[in-house]
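Take a look at the structure set out below.
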There are 2 protein chains.
Amino acid sequence: MSRASEQAYAKIRAHLLSGAVRAGEQLTEDQLAQITGVSRTPVRDAVRRLEDELLLVRSDTKRLFVADWSRDDIEEMFTLRQMLECHAAERAARRLSREQVARLEGLNRDLKEAIEQSPPDVVRFLDANRAFHEVIYDAAQSPRLGQLLAKLVEAPVVLRTARTYSQGDLRQSARDHDELVAAFVARDPDWARAVMGSHLRRAFHTFVRSVGSAANDQDPS
Amino acid sequence: MSRASEQAYAKIRAHLLSGAVRAGEQLTEDQLAQITGVSRTPVRDAVRRLEDELLLVRSDTKRLFVADWSRDDIEEMFTLRQMLECHAAERAARRLSREQVARLEGLNRDLKEAIEQSPPDVVRFLDANRAFHEVIYDAAQSPRLGQLLAKLVEAPVVLRTARTYSQGDLRQSARDHDELVAAFVARDPDWARAVMGSHLRRAFHTFVRSVGSAANDQDPS
DNA sequence: CGGAAGGGATTTGTATACAATAACCCCGGC
DNA sequence: GCCGGGGTTATTGTATACAAATCCCTTCCG
């Protein structure tokens with residue numbers, strides 16, 4: 001958690017997201033120690049966290065591998081996230097402060113700007129999107145819920161490097177956010193829950209479509 | 001997570017559950033190393049797991065304390081558990097094999113036997129109860145779901161040493177299990193979900209009533 | 001008397017060496 | 001030719017020493 005450990009976490013994570021390693025590939029703690037420039041102790045710490053986020057997995061015999069997400073794994077993850085995040089939206093609708101609503105509006109403006117550039121600034125979109133959802137977790141005032149969601153949300157970004165969003169997808173996402181804000185302003189928990197549900201379910205299908213079955217078609221041998 | 005680490009985890013956990021330490025009390029890794037008889041390295045490993053299960057917490061400055069659960073914390077936890085476990089019950093209703101149903105019936109028989117002793121064998125009850133729910137997680141065939149639930153379910157047993165169940169509470173719990181099995185036999189996901197929902201919600205109230213507000217009324221100084 | 005600054009003691013974080021375990025490879029028997 | 005055994009290598013697990021951070025108590029100044 002301190003400097004070396006945190007740094008190792010960030011570097012390994014970036015390494016995984018950069019696409020420099022293939023899903024299913026074996027890693028060793030020594031390798032990661034070399035890459036990160038710290039000793040194995042903080043590396044093991046960082047690896048723990050990444051296992052928790054399901055970016056890394058260990059075999060039954062403790063060997064370390066890059067996680068390989070099947071289509072079903074992804075659907076499962078989105079389903080769980082939907083369940084939890086709908087709950088968060090409902091709670092948030094009862095609790096959001098004016099300032100938080102204003103922040104959501106600001107983030108959504110930013111998000112739209114990112115979309116309307118050509119080409120759309122996907123990184124900026126994803127950042128604003130994440131911040132938007134985090135305001136909601138925060139407003140839900142349920143630390144455990146936030147903790148559970150953190151795990152689920154981290155995972156799918158693994159594949160984002162390979163993903164291409166259509167501008168239509170991004171715009172729909174922004175419209176969802178607008179409607180969520182409307183539901184929040186109206187303080188209507190049911191509305192918020194419903195919008196969040198369809199928002200995430202569509203996100204799942206968009207995700208699957210853009211990734212296709214490409215994530216897992218390499219020969220594991 | 002090999003021998004020393006696993007052993008440290010088990011010993012520390014037992015130590016916490018034994019009531020030998022008070023909620024909010026500070027612990028040091030050295031102490032735990034002495035208690036467990038292994039070095040700090042595997043202790044740190046075990047501590048991380050226990051932090052994850054929310055039995056231990058760290059202050060902002062990384063010092064280690066026994067977790068202190070407020071009534072609201074407990075309610076939050078039960079709410080999340082209910083949400084996830086209802087989902088698990090629904091999925092399980094579609095997927096349970098004959099063998100798994102038979103196992104549930106066997107566990108429930110065991111559980112009833114434990115109740116009808118005088119005094120009721122609460123430890124045996126809790127073990128059978130846990131095993132019962134674990135069969136359901138398993139049948140739900142959603143690894144992530146099982147992982148999330150594992151975290152939530154571990155936590156409340158912290159206080160079980162101080163808790164007294166009435167025989168009526170235990171019998172109602174057994175009846176819930178009977179009805180769950182009936183829902184599973186009927187392969188009715190909605191029924192299973194509904195029963196699980198009321199089962200856990202009642203469990204929450206039973207828990208709060210039996211613990212009272214006694215969990216947190218010690219002076220923190 | 002209050003409060004801030006300093007310094008020793010406590011506690012956590014990291015590096016390194018070594019131990020234990022698992023994977024791999026080669027070789028011999030059948 | 002293939003299957004199993006034994007030793008070698010690769011990889012993870014643990015112990016220990018030391019570094020960094022934090023706490024706490026004392027002291028000194030206002």
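So you know, we letter chains A, B, ... as the sequences are listed, proteins then strands, and number each from 1. Please read all numbers here as calculations on a predicted model, not as lab measurements.
- In this structure, CD1 on A/I115 lies 10.0 Å from CZ on A/R124, to the nearest 0.5 angstrom.
- Ring-plane geometry between A/H177 and A/H199 is classed as perpendicular, the angle between the planes exceeding 60 degrees on a 0 to 90 degree scale with a lower cut at 30.
- Contact annotation for A/L32: no contact, since no heavy-atom pair falls under 4.0 Å across all strands.
- Note on A/T61: a side-chain N or O is less than 4.0 Å away from OP1 or OP2 of C/dA23.
- Residue A/T41 places its side chain closer to C/dT14 than to any other of C/dA23, C/dT14, C/dT12.
- Between A/R202 and A/D169 there is no salt bridge, since no side-chain nitrogen of the basic residue lies less than 4.0 Å from a carboxylate oxygen of the acidic one.
- A straight line from CZ of A/R40 to P of C/dT16 spans 12 Å, rounded to a whole angstrom.
- Between the OG atom in B/S142 and the OH atom in B/Y137 there is a gap of 12.5 Å [rounded to 0.5 Å].
- For A/P42, counting side-chain heavy atoms from C-beta on, the closest listed nucleotide (D/dC23, C/dT14, D/dT14) is C/dT14.
- Among the nucleotides D/dG13, D/dA21, C/dT12, the one closest to any side-chain atom of A/R3 is D/dA21.
- Distances shown here put a side-chain N or O of B/R44 below 4.0 Å from the OP1 or OP2 atom of C/dG13.
- Closest to the side chain of A/E29, from the set D/dT16, D/dT12, C/dT14, is D/dT12.
- For B/V38, the side-chain atoms get nearest to D/dA15 when compared with the rest of C/dA15, C/dT12, D/dA15.
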